[in-house]
Amino acid sequence: MPYVNIKVAGALTREQKAKIAEEITDTLERIAKKPKSYTYITFDEVSGENWAVAGELLDSD
């Protein structure tokens with residue numbers, strides 16, 4: 001099972017996380033023909049003052 005870890009600066013609401021997860025699973029379903037349950041998605045929230053660190057983490061993956 002693919003594992004997607006999303007790093008974000010600051011906090012996201014439950015609704016925002018759900019929308020992001022929906023976009024990812026919809027894309028995988030459409031392009032890779034995988035079911036919605038195919039991907040495990042987690043979120044790591046980095047404090048706002050560590051935005052540069054979050055950017056580096058996003059760029060390095």
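The figures that follow rest on heavy atoms only: side chains count, while hydrogens, waters and symmetry mates do not.
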Exercise for the section: Answer yes or no: is there an ion pair linking Glu23 with Lys19, defined by an N-O contact shorter than 4.0 Å? Expected result: yes
Practice task
Look at Glu45 together with Lys17 and state whether they make a salt bridge at an N to O cut-off of under 4.0 Å.
Solution key: yes
Practice task
Under the salt bridge (charged side-chain N to carboxylate O under 4.0 Å, His left out) rule, collect the residues that match up with Glu15, sequence neighbours excluded.
Solution key: none
Handout entry: side chain to side chain contact (heavy atoms under 4.5 Å, CB included) partner of Ile41, chosen from Asn5, Thr25, Ile20
Key = Thr25
Exercise for the section: Mind running side chain to side chain contact (heavy atoms under 4.5 Å, CB included) on Thr42 and Val4 for me, showing each step along the way? Expected result: CA-CA 6 Å; Thr42 62; Val4 177; over 6 Å; no
Completion exercise
Tightest non-hydrogen contact, residues Gln16 and Leu12, listed as OE1-CA, 3.3 Å
